[in-house]
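For reference, the structure is listed below as structure tokens.
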Amino acid sequence: MIAGRDLSRVPKVTVRRIAAYLRKKIEDDPKLAFLGVEGEVSNLRINASGHAYFAIKDAEALLECVAFATDAATFPELKNGTAIIAYGKIATYAPRSIYQLTVRHVELAGLGRLFQRYDELKRKLQAEGLFETARKRPLPRHPFRVALVGSKSGDGTRDFLTQARLRAPQVEVELFEAPVQGDVAPQIVAALARAAASKPDLLVLARGGGSFEDLFVFNDERLVRWIASSPIPTVTAIGHEADTSLADLAADHRAPTPSTAAQTVLPRRDDLLASLRRDMVALNRSLKTHVLRLRHALEKVEHRSALADPTAILATRRQRVDGAADALTRTAEQRLRRLRERVATANGRLLAASPEARLAARRERLTGLRRLLGYAETRLLNERLGRLHDWDDRLTRRDPARRLGPLKVRLDDAAGRLNRAASRSFERRRGDLRLALTRLEGNNPEALLQRGYAIVKTTGGEVVRDAAQAPPGTRLQVTLARGELKARVERDGPDAGEQIGLF
């Protein structure tokens, strides 16, 4: 017992009433009617009826949960330690004096949710045949124009361009910028569409490494479907070798890294030149062999008949051999000239892509833009000055002083009418107030007390209207017109009636 404290007035209730009171308090709270709680699954139990019992916990607290069979059947696969968001209402369970979350819906949280979305979309697109090997196209063996889609400052873009300059300077690589992280799938699709519209030989989508969340934009359905229907053969070079996105599965070719993509799809310039030299040597050797074979055939014809006149018989054949030799020589020279022209064109592209040439072009463009900016500033200034003069004329024609006189007369008249109306309203409200005060005074309990009446209450503040409310020993509080009295009911008998003792 708490020393010195009277516990007789402390309310006493049953456990059942406390449980019912707490349940009503929780059920009446709108904030607990339906909410989502995020945490890790713990102590998962599935009973024979299909009901699921588990707890959600974080680093500082634990919340018991229950899901009935009809709802639990719709949940994703749960395991202890799985991060989820559980949606439901907070309720109490009286037999164990606990509060718990009645779960109606569960979503995987964090990486689990992303993996679920990835897996569902993969199965859907795979069923449509978007990842089939049979629909993928071969890449061009010798691309001369490559459209690269990626971030201008990204590591993947930089790696691809570096390898392209070192390996194949004869190939023209045009960058189409696009953000490659976050919810940016529409921007990437737009950049791919612009790149395809430029009619390149090959289309490359590049992005450096990152986490699963960073690379998740390449699992967007819109982006994957565009790559699958691309009019240009498409190569993806996204992340590291271990990363595989749905865009990789839909592309015609998937490279482990952007650097590997450049090394795979771009032929080395030195290898091309060496191949040209080998083809030239083989062509010359073939021409010489063919001419030699024709000369041997001619010599056999010359010696076939001793009676024939060599000059008469062989003149036509020698002319045909010489014509064939000349034709072969011209063909070889034409092919050699075409090969040299292609090498010269490639060298011209390389020179045009040099920093000096690009810097000169940028300087020329900057000069033109500055000139256009000067013209635009002058034209804009003249337009603004003309509009300023026009407004000045309009303001002069609309001088407010001309309209001030009539408006002042109307204002004075309105003020007089407003004052008269306010006076009438004030008098009417004053009469209503006096009537209300008279009624209030008639109902004032203090006025009744002034006439000798008293108000009797229990110590709990309840007004006593019946003697049955005050058995002997009851303490009372009597309110008079001036002051209060404390009283106690002494006895209650059939003859004596109630007696109240004051103390």
Got a donor-acceptor contact below 3.5 angstrom from the [X] side chain to the [Y] backbone?
X	Y	answer
Arg167	Gln263	yes
Lys122	Leu246	no
Arg222	Pro186	no
Thr264	Thr260	yes
Thr157	Ser151	yes
Lys79	Glu77	no

Might you point out which heavy atoms bring [X] and [Y] nearest each other, and give the distance in Å?
X	Y	value
Arg104	Phe75	O-CE2, 3.7 Å
Val171	Val146	CG1-CG2, 3.8 Å
Leu44	Leu78	CD2-O, 3.4 Å
Val149	Ala191	CG1-CB, 3.9 Å
Ile238	Ala247	CD1-CB, 4.2 Å
Ala250	Phe131	N-CD2, 3.9 Å

Quick check: do [X] and [Y] have side-chain heavy atoms less than 4.5 Å from each other?
X	Y	result
Asn80	Asn43	no
Thr367	Arg365	no
Glu484	Leu480	no
Val489	Leu476	yes
Arg165	Leu161	yes
Leu192	Leu223	yes
Thr257	Asp159	no
Thr244	Leu249	yes

Mind checking the [atom1]-[atom2] spacing from [X] to [Y]? Nearest 0.5 Å is all I need.
X	Y	atom1	atom2	result
Arg23	Tyr93	CZ	OH	13.0 Å
Lys12	Arg9	NZ	CZ	11.5 Å
Ile26	Thr92	CD1	OG1	5.5 Å
Glu177	Arg194	CD	CZ	9.0 Å
Thr345	Arg338	OG1	CZ	13.0 Å
Leu203	Ile227	CG	CD1	8.5 Å

Side-chain donor-acceptor pairs of residues 48-59 under 3.5 Å, sequence neighbours excluded:
residue, atom, partner, partner atom, Å
Ser49, OG, Asn47, OD1, 2.8
Ser49, OG, Asn47, ND2, 3.3
Ser49, OG, His51, NE2, 3.4
His51, ND1, Ala69, N, 3.0
Asp58, OD1, Glu60, N, 3.0
Asp58, OD1, Ala61, N, 2.8

In terms of side-chain geometry, is the basic nitrogen of [X] or [Y] positioned less than 4.0 Å from the acidic oxygen of its partner?
X	Y	result
Glu490	Arg488	yes
Asp201	Arg145	no
Asp29	Lys31	no

Practice task
Could you give me the CA-CA distance, side-chain angles and deciding distance for Ile85 and Val106, then say whether side chain to side chain contact (heavy atoms under 4.5 Å, CB included) is met?
Solution key: CA-CA 6 Å; Ile85 301 176; Val106 168; over 6 Å; no
Practice task
Applying side chain to side chain contact (heavy atoms under 4.5 Å, CB included), run through Arg342 and Phe144 and close with a yes or a no.
Solution key: CA-CA 11 Å; Arg342 292 180 66 181; Phe144 285 94; 3.1 Å; yes
Exercise for the section: Could you tell me which residues satisfy side-chain hydrogen bond (donor to acceptor under 3.5 Å, both in side chains) with Asp155, sequence neighbours excluded, listed by chain and number? Expected result: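 Only Arg158 meet the side-chain hydrogen bond (donor to acceptor under 3.5 Å, both in side chains) criterion with Asp155.
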Exercise for the section: For Arg123, enumerate each residue passing the side-chain hydrogen bond (donor to acceptor under 3.5 Å, both in side chains) test, keeping only those at least two apart in sequence or located in another chain. Expected result: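 Here the qualifying residues are Asp119.
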Practice task
Would you kindly say whether Gln181 and Arg207 are connected by a side-chain donor-acceptor distance under 3.5 Å?
Solution key: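 A pair is found: one side chain offers a donor N or O, the other an acceptor, under 3.5 Å apart.
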Problem - CA sep, side-chain torsions, deciding dist, call: Phe218, Val224, side chain to side chain contact (heavy atoms under 4.5 Å, CB included) - result: CA-CA 7 Å; Phe218 296 98; Val224 177; over 6 Å; no
Handout entry: salt bridge (Lys or Arg N to Asp or Glu O under 4.0 Å) involving Asp252 - partner list, sequence neighbours excluded
Key =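 Listed in chain order: Arg137.
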Handout entry: Set of residues satisfying salt bridge (Lys or Arg N to Asp or Glu O under 4.0 Å) with respect to Asp28, sequence neighbours excluded
Key =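 Salt bridge (Lys or Arg N to Asp or Glu O under 4.0 Å) check on Asp28 returns Lys24.
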Problem - Neighbour count above 12 (heavy atom, 6.0 Å) for Phe34 CZ - result: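 Yes, enclosed.
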Handout entry: Chi angles and distances behind the side chain to side chain contact (heavy atoms under 4.5 Å, CB included) call for Val37, Val103
Key = CA-CA 10 Å; Val37 183; Val103 183; over 6 Å; no
Practice task
Give every residue pair that meets the side chain to side chain donor-acceptor pair (under 3.5 Å) criterion with at least one member in residues 225-238, sequence neighbours excluded.
Solution key: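 Counting only pairs at least two positions apart or across chains, the side chain to side chain donor-acceptor pair (under 3.5 Å) contacts touching residues 225-238 are Glu128-Arg225, Glu221-Arg225, Ser230-Thr234, Thr236-Asp248.
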